[in-house]
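Okay, structure first, notes after.
For the numbers below, each heavy atom of this structure counts, side chains included, while hydrogens, waters and symmetry mates do not.
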Amino acid sequence: MANFLKMTIFSIAVVAAFALYANHGIPVIVPAAPPVEEKLDLGSMTMDQFVALGERVVQGKGTCMLCHNALGGRAPLLENFGSVTEKRLADPRYEGEATDVESYLRESMVEPSAFVVAGFGKAGSGDTESPMPDVSGGSIGLGEAEIAAVIAYLQDASGLDITVEIPSDAAPAEEAAEGEAREAFETPEEIIAEFACGACHKIGAEEGEVGPDLRKIGDHLDRAALRLAILDPNAKIAKGFEPDAMPPDYGTQLYASELEILIDYLAGLK
């Protein structure tokens with residue numbers, strides 16, 4: 001009887017400890033609504049304000065500086081592009097339709113594979129395919145006004161005349177209703193495509209080289225380590241890679257169900 005009581009007390013203690021940990025020890029993942037355009041009053045915006053909007057997009061929502069920086073050499077620098085645009089447009093490898101700096105910048109953001117600067121293409125593509133996603137779609141999702149603002153900012157930062165005009169016929173973007181949620185993705189392929197994982201990692205058919213090779217990651221990291229790497233990528237940096245290369249906010253972008261789907265998929269890559 002005494003042993004039975006001991007086992008009962010022990011079982012209750014284990015269940016209570018597990019419940020306590022489940023409710024307070026596991027980080028709560030609160031998904032955010034998908035990125036939306038900043039609410040803009042384009043009709044009263046000055047060019048200086050428009051340029052400032054472009055800078056905010058470059059430094060923030062556009063995630064441009066994760067790759068376009070001198071630290072990692074992952075993408076061409078955004079300086080002095082005015083002096084190289086003519087040469088790039090005349091390159092035999094150029095397959096786009098741009099004719100000047102403005103149209104080249106726009107094209108490079110929405111059709112990045114129209115021309116890939118030598119040395120910055122996906123591995124094995126012969127610099128014919130860019131690892132950069134279309135910024136107007138996916139997890140970045142820049143609107144037309146934001147793309148135009150980025151062009152204005154880059155022209156201004158490079159000392160060029162600003163040729164882009166502030167859109168006058170674009171309706172102000174509507175903020176997502178508070179608490180409004182997007183539909184959750186149900187497959188790892190959808191998640192990987194939406195968040196452009198292949199732009200930085202080798203995963204599936206993608207050949208990114210910015211981050212660690214994930215094709216056999218399940219041999220090296222368990223589920224807990226995979227979860228930490230996604231939610232807090234700077235907690236442990238893989239050998240040979242730099243900190244701050246991976247966005248730190250996937251914990252708010254991913255739904256809890258999506259996180260578990262992704263972890264299941266990665267854990268199975270062996």
Side-chain angles (χ1 to χ4, degrees), residues 35 54-55 57-144 146-160 163-164 189 192-215 240-242 244-247:
E55 182 176 14
V57 173
V58 167
Q59 299 292 341
K61 179 180 176 180
T63 66
C64 309
M65 302 313 296
L66 285 176
C67 294
H68 292 279
N69 63 70
L71 180 63
R74 305 175 186 119
L77 297 179
L78 299 177
E79 304 169 357
N80 302 320
F81 57 82
S83 62
V84 299
T85 296
E86 184 175 348
K87 180 179 178 181
R88 292 176 181 174
L89 295 180
D91 192 299
R93 297 187 300 112
Y94 178 68
E95 299 180 350
E97 299 179 356
T99 57
D100 52 26
V101 172
E102 179 183 335
S103 57
Y104 173 73
L105 282 173
R106 184 183 305 277
E107 185 177 69
S108 68
M109 286 191 279
V110 299
E111 297 181 46
S113 292
F115 179 76
V116 181
V117 177
F120 293 103
K122 284 186 177 181
S125 71
D127 291 331
T128 60
E129 188 175 358
S130 174
M132 175 178 163
D134 174 358
V135 301
S136 66
S139 61
I140 299 176
L142 299 187
E144 176 55 35
E146 292 170 317
I147 292 174
V150 169
I151 295 172
Y153 165 69
L154 293 176
Q155 288 181 323
D156 183 67
S158 298
L160 301 176
T163 60
V164 68
E189 291 78 14
I192 289 168
E194 174 68 16
F195 294 97
C197 304
C200 295
H201 298 282
K202 288 183 173 67
I203 183 170
E206 302 299 327
E207 294 287 337
E209 296 183 325
V210 175
D213 188 335
L214 302 180
R215 292 174 296 184
F241 296 92
E242 298 290 336
D244 300 319
M246 179 170 166

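Listed by chain and residue number, F81, L160 satisfy the side-chain contact (heavy atoms from CB on, under 4.5 Å) test with S158 (two or more places apart in sequence, or in another chain). Remark: A118 pairs with R93, D127 by the side-chain contact (heavy atoms from CB on, under 4.5 Å) rule, at least two apart or across chains.
Of all non-hydrogen atoms in I147 and M109, the two that sit nearest each other are CG2-CE, 3.5 Å. Considering every non-hydrogen atom in both S130 and S113, the closest pair reads N-OG, 3.0 Å. In this structure, R88 and F115 approach most closely via the heavy-atom pair CG-CE2, 3.5 Å. Scanning both residues, F120 and P131, for their nearest heavy atoms gives O-CD, 3.2 Å. Contact record, D100 with S103: OD1-OG, 2.7 Å, taken as the closest heavy-atom pair. Taking each heavy atom of V164 and Q155 in turn, the nearest pair found is N-OE1, 3.8 Å.
For the atom pair CG (D134) and CD (E111), the distance works out to 8.0 Å, reported to the nearest 0.5 Å. Taken to the nearest 0.5 Å, the CG atom of L105 stands 12.5 Å off from the OH atom of Y153. The OH atom of Y104 sits 7.0 Å away from the CG atom of L89 when rounded to the nearest 0.5 Å. A distance of 8.5 Å separates OG in S108 from CG in L154, rounded to the nearest 0.5 Å.
In the displayed structure, E86 atom CD is contacted under 6.0 Å by at most 12 heavy atoms of other residues, nucleotides or ligands. Applying the 6.0 Å contact sphere to CD of E189 captures more than 12 heavy atoms from other residues, nucleotides or ligands.
You'll find the side chain of E129 stays beyond 4.5 Å of the side chain of V116, heavy atoms only. For the pair T163/V101, no side-chain contact is recorded, criterion being any heavy-atom separation below 4.5 Å from C-beta on.
Side-chain N or O atoms of H68 include one that pairs as donor or acceptor with a backbone N or O of P76 at under 3.5 Å. A donor-acceptor contact shorter than 3.5 Å links the side chain of E107 to the backbone of E97.
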